[in-house]
Amino acid sequence: MPRIAVVVKGYPRLSETFIAQEILGLERRGVEQLIVSLRHPTDPHLHDLHREISAEVLYLPEYLKDDPKRVARARSWAETQPGFAAARGAFEADLARDRSANRYRRFGQACVFAHELPADVTWLHTHYLHTPASVTRYAALILGMPWSFSAHAKDIWTSPNWDLKEKLKDAAWGVTCTKVNVDHLNGLAGRPDAVELVYHGLDFSRFPQPPAERPARDGASEPVRILSVGRLVEKKGYDDLIAALAMLPKDLAWRFDHIGGGALKARLHAAAEKAGIADRIVWHGAQAREAVINACEAADLFTLPSRIAKSGDRDGLPNVLMEAQSLALCCLSTRVSAIPELIEDGETGVLVPPHDPETLAKALEALIRDPARRARLGAAAAKHVRARFSSNPGIDRLAEKLKPATLRAAG
């Protein structure tokens with residue numbers, strides 16, 4: 001069986017279990033893969049999924065100065081290939097609209113990618129429509145090889161439309177994980193079938209069944225345990241959450257646990273100190289999935305106050321919400337992007353407007369005081385997410401698309 005090259009920005013990454021889940025699922029469906037990563041890993045932990053993946057990994061030079069001889073050899077080879085003129089033409093057209101060091105780096109990485117690609121790889125598939133897709137597109141042109149993509153969130157909403165349109169035009173096909181994304185990308189492509197909806201979902205066989213019941217804490221005597229899992233970045237809205245927690249009545253007992261790292265760590269810690277609530281918060285940093293599951297089992301309420309960042313970046317359909325719901329943990333989130341595709345307000349969770357700490361505080365207080373409502377919403381969420389958001393249909397669909405594609409490309 002010919003292989004496909006799966007291009008990712010970094011591998012392995014704790015925040016991208018959905019990609020690891022897909023790679024492993026495709027392996028188990030007979031799709032042979034080579035993982036091509038634009039950078040080496042930086043996370044301190046691995047998920048169990050990563051340990052089970054057998055695919056070989058090819059690491060490209062993250063910066064061209066890291067290995068100039070390797071880059072020079074690849075560029076000299078690329079210039080002899082029939083597809084180089086087309087690749088250089090695409091690169092120069094992009095460069096005219098984005099004259100940046102990043103653009104030069106992507107073309108250099110593409111030359112290395114194309115030069116070092118094993119002969120049994122007949123198809124390229126990239127995760128993310130921003131920089132990984134740029135590298136993949138240029139490499140595909142050099143090689144005269146077809147390519148496809150999985151688009152997610154930041155890559156769509158922070159990329160200029162001209163860049164997305166060029167990639168949509170050149171790719172053989174694409175998938176994305178939310179209806180909001182599908183509508184946007186197909187609108188840019190000018191046709192309704194350019195991009196297909198494929199939910200990531202979860203492999204529920206890796207999650208325990210929900211607890212039979214949770215303690216009926218109501219914030220009167222014993223603190224209600226609030227949990228959130230996510231990177232400390234603007235689009236997650238944690239500054240809004242700190243503000244909302246500070247607005248809760250002083251006599252209401254609660255504690256907040258956060259799992260995840262990120263660039264805003266120091267700023268958020270300082271905000272909690274200034275608000276006088278730091279003694280009720282535990283920042284755990286990045287953790288493996290097993291720790292996240294344990295935290296969900298111990299918690300009473302999960303919250304993720306996502307919003308649209310100034311850059312346009314936003315969540316897609318956060319896996320952490322599905323993970324929490326699968327364990328019957330009541331979820332409080334916001335009406336951003338595809339979150340309403342997962343949570344029906346008042347039926348399988350609670351949704352509030354984004355970037356609205358006052359409304360978030362009111363919703364938090366109501367849920368803290370009402371364990372029976374939390375239990376009802378959590379149970380309904382677990383039933384709904386396990387019925388509608390299994391990873392199997394999505395991975396089955398990708399295997400259906402990729403197996404014939406690799407065989408056709410191999411001739």
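Just the heavy atoms: all of them, side chains too, but no hydrogens, waters or symmetry mates, feed the values below. In this chain, residues are counted from 1 in sequence order.
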Option from Leu24, Ile4, Ile53, Val121 for which side chain to side chain contact (heavy atoms under 4.5 Å, CB included) with Gln33 holds:
Ile4

Determine whether Leu38 and Val135 satisfy the following criterion, side-chain contact (heavy atoms from CB on, under 4.5 Å), listing intermediate values before the conclusion.
CA-CA 9 Å; Leu38 307 191; Val135 174; 4.2 Å; yes

Among residues two or more places apart or on two chains, list those pairs meeting salt bridge (Lys or Arg N to Asp or Glu O under 4.0 Å) that have a residue in residues 340-351.
Arg335-Asp345

Side chains of Ser159 and His130: do they bring a donor and an acceptor to under 3.5 Å?
no

Among Val180, Leu185, Thr178, Asn186, the one residue meeting side chain to side chain contact (heavy atoms under 4.5 Å, CB included) with Val182:
Asn186

Tell me if a side-chain donor or acceptor on Arg374 pairs with a main-chain N or O of Leu367 at a distance below 3.5 Å.
yes

If we ignore angles and hydrogens, is there a donor and acceptor under 3.5 Å between the side chains of Asp98 and Ser100?
yes

Just verifying a value: how many Å separate Arg39 CZ and Gln109 CD, rounded to the nearest 0.5 Å?
9.0 Å

In plain terms, say whether Asp300 and Arg225 are close enough for a salt bridge, that is, a side-chain N and a carboxylate O under 4.0 Å apart.
no

Which residues share a ring pair (Phe, Tyr, Trp, His ring centres under 6.0 Å) with Phe207, sequence neighbours left out
none

Step-by-step side-chain contact (heavy atoms from CB on, under 4.5 Å) determination, Leu227 to Leu301
CA-CA 6 Å; Leu227 174 67; Leu301 173 63; over 6 Å; no

Please list all pairs meeting salt bridge (Lys or Arg N to Asp or Glu O under 4.0 Å) that have one or both residues in residues 354-367, counting only residues at least two apart or in different chains.
Glu365-Arg369

Is the closest basic N to carboxylate O distance between Lys179 and Asp183 below 4.0 Å?
yes

Please list, chain by chain and in numerical order, all residues satisfying ring pair (Phe, Tyr, Trp, His ring centres under 6.0 Å) with Trp157, sequence neighbours excluded.
His184

Going by salt bridge (Lys or Arg N to Asp or Glu O under 4.0 Å), name the pairs with one or both residues in residues 115-142, residues two or more places apart or in two chains.
Arg3-Asp120, Arg70-Glu116, Asp94-Arg137, Arg137-Glu166, Arg137-Asp170

With no hydrogens and no angle check, do the side chains of Ser228 and Lys236 hold a donor and an acceptor under 3.5 Å apart?
no

OG1 of Thr176 to CG of Leu129, rounded to nearest 0.5 Å, is 8.0 Å

Would you check if there is a donor-acceptor pair between the side chains of Asp315 and Ser306 at a distance under 3.5 Å?
yes

So, Asp163 and Lys165, do they make that salt bridge, N to O below 4.0 Å?
no

Who pairs with Trp283 by ring pair (Phe, Tyr, Trp, His ring centres under 6.0 Å), at least two apart in sequence or on another chain?
His258, His269

Without placing hydrogens or testing angles, list every side-chain donor-acceptor pair under 3.5 Å for residues 10-17, not counting sequence neighbours.
unit_1 : atom_1 : unit_2 : atom_2 : d
Arg13  : NH1    : Glu16  : OE2    : 3.4
Glu16  : OE2    : Tyr128 : OH     : 2.9

Flag the pair Met145 / Leu117 as yes when at least one side-chain heavy-atom distance between them is below 4.5 Å, and no otherwise.
yes

Go through the steps to decide whether Tyr104 and Phe91 satisfy the test side-chain contact (heavy atoms from CB on, under 4.5 Å), and finish with yes or no.
CA-CA 8 Å; Tyr104 282 102; Phe91 163 68; 3.7 Å; yes

Separation between NE2 of His115 and CG of Leu143, rounded to the nearest 0.5 Å:
11.0 Å

Applying ring pair (Phe, Tyr, Trp, His ring centres under 6.0 Å), can you list everything that pairs with Tyr63, at least two apart in sequence or on another chain?
none

Tell me which pairs pass salt bridge (Lys or Arg N to Asp or Glu O under 4.0 Å) where either residue lies in residues 189-208, with sequence neighbours left out.
Asp48-Arg206, Glu52-Arg206, Arg191-Asp193, Glu196-Arg397, Glu196-Lys401, Asp203-Arg206

Keeping Glu222 on the side-chain end and Gly219 on the backbone end, is there a donor-acceptor pair under 3.5 Å?
no

Is it the case that more than 12 heavy atoms not belonging to Lys169 sit under 6.0 Å from its NZ atom?
yes

The side chain to side chain donor-acceptor pair (under 3.5 Å) partners of Arg373 (sequence neighbours excluded) come to none

Once side chain to side chain donor-acceptor pair (under 3.5 Å) is applied, what residue pairs with a partner in residues 318-332 remain, sequence neighbours excluded?
none

Is it true that the side chains of Ser148 and Trp123 contain a donor and an acceptor less than 3.5 Å apart?
yes

Got a sec: does the CZ of Arg103 have more than 12 other heavy atoms crowding it under 6.0 Å?
yes

Backbone N/O of Glu297 and side chain of Arg214: donor-acceptor pair under 3.5 Å:
yes

Please list all pairs meeting ring pair (Phe, Tyr, Trp, His ring centres under 6.0 Å) that have one or both residues in residues 12-35, counting only residues at least two apart or in different chains.
Phe18-His152, Phe18-His200

Under 3.5 Å: donor-acceptor pair, side chain of Asn294, backbone of Val292
no

What do the steps show when you test Trp254 against Leu364 for side-chain contact (heavy atoms from CB on, under 4.5 Å), and what is the final call?
CA-CA 10 Å; Trp254 57 269; Leu364 280 167; over 6 Å; no

Backbone N/O of Arg289 and side chain of His47: donor-acceptor pair under 3.5 Å
yes

